[in-house]
Number of protein chains: 2
Amino acid sequence: MSPQRDGQSGPSVTGRVLGILSAFGPGAEALSLSGIARAAGLPLSTAHRLVGELAAWGALERGEDGRYRIGLRLWEVGALAPRSLGLRERAMPYLEDLYEATRQNVQLAVRDGHEVVYVERLAHPEAVRVFTRVGGRMPLHATGVGQVLLAFAHVSVQEEVLAGPLSALTPRTVTDPHALRRTLAAVRREGVAVCDGLVDLLSLSVAAPVRGEDDRVVAAMSVVVPSAGSDPRTIVPAVRATARGISRALGSPSARRRPSGVVTPLPSAAGADAPRTAERGA
Amino acid sequence: MSPQRDGQSGPSVTGRVLGILSAFGPGAEALSLSGIARAAGLPLSTAHRLVGELAAWGALERGEDGRYRIGLRLWEVGALAPRSLGLRERAMPYLEDLYEATRQNVQLAVRDGHEVVYVERLAHPEAVRVFTRVGGRMPLHATGVGQVLLAFAHVSVQEEVLAGPLSALTPRTVTDPHALRRTLAAVRREGVAVCDGLVDLLSLSVAAPVRGEDDRVVAAMSVVVPSAGSDPRTIVPAVRATARGISRALGSPSARRRPSGVVTPLPSAAGADAPRTAERGA
DNA sequence: AATCGAGCTTCCGGCCACCGGAAGGAGCGC
DNA sequence: GCGCTCCTTCCGGTGGCCGGAAGCTCGATT
């Protein structure tokens with residue numbers, strides 16, 4: 001099924017072109033021609049020709065240092081991905097509010113296979129450092145949003161992940177299948193995942209599911225705060241409310257009616273601009 | 001409307017693949033196979049083969065309705081574009097603050113050829129409607145950010161734009177080359193562009209340049225507010241400060257010291273019309 | 001139910017665009 | 001100067017691509 005994440009995408013021209021794009025990645029934003037050829041497993045002259053065409057179109061750009069980077073035109077096309085732009089556009093106002101209230105890290109992510117892909121992230125420069133970045137990937141079982149996405153994913157996906165090896169990022173990462181199964185059940189029951197020290201011992205994340213038109217979970221969002229001195233209980237309601245707000249904006253039937261009375265203004269910013277997070281019925 | 005979305009990118013396979021990607025665009029986020037073939041000018045069977053390869057890799061995704069959309073994987077690669085992610089990551093906190101303060105539309109854009117491309121946009125649902133969207137394009141002369149980017153672009157770019165036809169989006173769009181030239185000079189002098197009713201008669205935008213490491217203008221940002229009842233003078237300082245903040249975050253030397261008193265000691269207003277743009281030597 | 005049409009998928013022989021080795025140039029450090 | 005890496009251009013052989021045609025799956029129409 002997986003056609004090798006390598007550059008070895010096949011002998012077809014299309015495969016080679018995609019192999020060239022695959023050569024770029026986090027930590028490899030700029031590559032020399034020979035670097036691309038090496039990474040994609042292509043002869044230099046072949047790479048030269050293909051890269052030239054890509055650059056002429058705008059998929060790649062050549063910097064003053066002679067190295068190639070991903071071009072604006074490709075970014076533009078990529079921005080049309082429904083799971084990025086469509087989702088993002090509608091979720092932003094809500095993420096905004098939560099970010100403003102917490103001044104920490106707020107993230108939005110979707111599932112792709114057995115990994116979670118971060119689609120949006122608002123980070124305060126002085127907030128806890130998190131390792132994720134927009135466009136980045138992480139294993140499902142090891143992050144807050146990942147656990148949420150896994151918990152609400154099709155059973156077959158869950159089984160596949162539970163069967164596979166569960167890597168540990170910290171000593172606290174859940175690596176035992178049975179424990180993970182229980183965790184997932186709890187997430188489904190609570191409608192929220194609270195993860196302390198899974199990715200990084202210093203940070204804690206609270207994640208909740210975001211539902212789409214047909215009420216399926218299409219994304220997950222989370223807030224990451226420092227482990228020390230944070231009480232999850234003050235954050236959970238805010239995350240729940242935000243996730244619900246986004247779900248409603250996306251047309252989720254179950255988020256239609258406002259949760260009668262329980263809207264919970266955010267504890268942290270209780271004062272002046274209490275979040276209109278749960279307002280607005282489109 | 002569509003200036004020949006091309007498709008005729010050449011007889012090479014790479015060109016055809018890029019032609020397929022070009023078939024997607026604002027207003028065409030989802031296409032059937034035959035729709036793609038039509039838009040890209042390819043025989044159905046050829047399109048079928050290429051699209052199949054793209055989908056297998058994740059550049060395209062096939063929805064339940066059988067139509068194709070841009071895939072998450074392509075978005076991921078696109079997100080590596082330095083003019084998107086690198087810029088965005090550092091600019092966000094500042095844009096955030098401005099958004100929070102104004103509760104209107106805040107935008108970040110870069111120049112590509114003779115157009116402006118919007119890289120980020122924070123929009124309050126109740127703010128003035130703006131026509132732009134993330135990943136969207138507009139002519140340089142007709143928007144606030146565009147005027148800023150044009151004013152600080154290489155002279156040759158300015159001349160090309162001034163020579164070409166200047167389309168009008170509203171009766172107030174500047175279409176006279178001489179008037180535009182004066183406007184650009186003013187923008188350089190003031191370090192900010194105030195545009196009322198250029199794109200849309202109901203909205204007004206205030207834009208300012210963002211500088212990079214070598215002090216060249218690499219982007220522009222703006223706030224869009226309703227024309228009626230807004231006093232630009234209250235907004236200009238905030239926009240200037242935000243743009244300066246972003247410039248500093250990007251390592252701009254001229255934004256190093258905090259604005260101790262006067263704004264910019266830049267010799268930008270040296271020669272009346274002569275931009276001190278050292279843009280791209282090669 | 002039969003017919004039609006639009007859209008999708010598969011197949012395969014012919015041909016031409018792609019491949020990539022090789023040669024030549026540009027820049028840099030020793 | 002010499003060796004090194006990286007980039008660019010050229011060109012003949014051939015293997016991958018092309019695309020017409022046939023078959024398939026829907027859903028609408030008669």
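Below, chains carry the letters A, B, ... as their sequence lines are ordered, and counting in each starts from 1.
- Residues A/V117 and B/L72 meet the side-chain proximity criterion, which asks for heavy atoms closer than 4.5 Å.
- Phosphate proximity of C/dC18 to A/R49: absent, as no side-chain N or O sits under 4.0 Å from OP1 or OP2.
- Within the structure, a side-chain polar atom (N or O) of B/H48 is placed less than 4.0 Å from OP1 or OP2 of C/dT9.
- Under the side chain to side chain contact (heavy atoms under 4.5 Å, CB included) criterion, A/P82 pairs with B/R69, sequence neighbours left out.
- Scanning for side-chain hydrogen bond (donor to acceptor under 3.5 Å, both in side chains) contacts around B/S247 gives an empty result, with sequence neighbours left out.
- Of all nucleotides listed (C/dC18, C/dT10, C/dA22), C/dT10 comes nearest to the side chain of B/S45.
- The side-chain hydrogen bond (donor to acceptor under 3.5 Å, both in side chains) test applied to B/E159 returns B/R181, not counting sequence neighbours.
- Looking at A/L21 and A/L74, their side chains come closer than 4.5 Å, going by heavy atoms from C-beta outward.
- Atoms CG (B/L50) and C1' (C/dC18) sit 14 Å apart, rounded to a whole Å.
- A heavy-atom distance below 4.0 Å to DNA chain D is reached by these residues of residues 27-36 of chain A, ordered by number: A/S32, A/L33, A/S34.
- Between the axis at the start and the axis at the end of the helix from C/dA1-D/dT30 to C/dC30-D/dG1 there is an angle of 30°, using five pairs per end and rounding to 10 degrees.
- Regarding contacts with the backbone of C/dC18, every side-chain N or O of A/R16 stays at 4.0 angstrom or more from both OP1 and OP2.
- Taking the ring centre of A/F152 as origin, the terminal cationic atom of A/R211 falls inside the region bounded by 6.0 Å and 45° from the ring axis.
- Evaluation of the side-chain hydrogen bond (donor to acceptor under 3.5 Å, both in side chains) rule for A/E61 yields B/R83 as partners, not counting sequence neighbours.
- Between B/E115 and A/R73 there is no salt bridge, since none of the side-chain N atoms of the basic residue sits less than 4.0 Å from a carboxylate O of the acidic one.
- Backbone-only contact: B/R62 has heavy atoms under 4.0 Å from sugar-phosphate atoms and none from a base.
- First and last contacting nucleotides of DNA chain D toward chain A (any atom under 4.0 angstrom from a heavy atom, 5' to 3' order): D/dC6 to D/dC17.
- Using a cut-off of 4.0 Å between Lys/Arg side-chain N and Asp/Glu carboxylate O, B/D112 and B/R137 are scored as salt-bridged.
- For A/R133, the salt bridge (charged side-chain N to carboxylate O under 4.0 Å, His left out) partners are A/E29, not counting sequence neighbours.
- C/dG7 atom C1' lies 11 Å from atom OH of B/Y68, rounded to whole Å.
- Under the rule for a side chain to side chain contact (heavy atoms under 4.5 Å, CB included), the partners of A/P177 that lie at least two apart in sequence or sit in another chain are A/L162, A/L166.
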*Let me have a per-nucleotide readout for nucleotides 23-29 of chain C, 5' to 3', with B, S or -, counting only protein heavy atoms under 4.0 Å.*
-------
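- Counting non-hydrogen atoms under 4.0 angstrom, A/L44 reaches a base of the nucleic acid.
- Scored by the side chain to side chain contact (heavy atoms under 4.5 Å, CB included) test, B/L250 finds B/L87, B/R90, B/V210, B/V218, B/I246 as partners (sequence neighbours excluded).
- The side-chain hydrogen bond (donor to acceptor under 3.5 Å, both in side chains) check on B/Y68 picks up B/R62, with sequence neighbours excluded.
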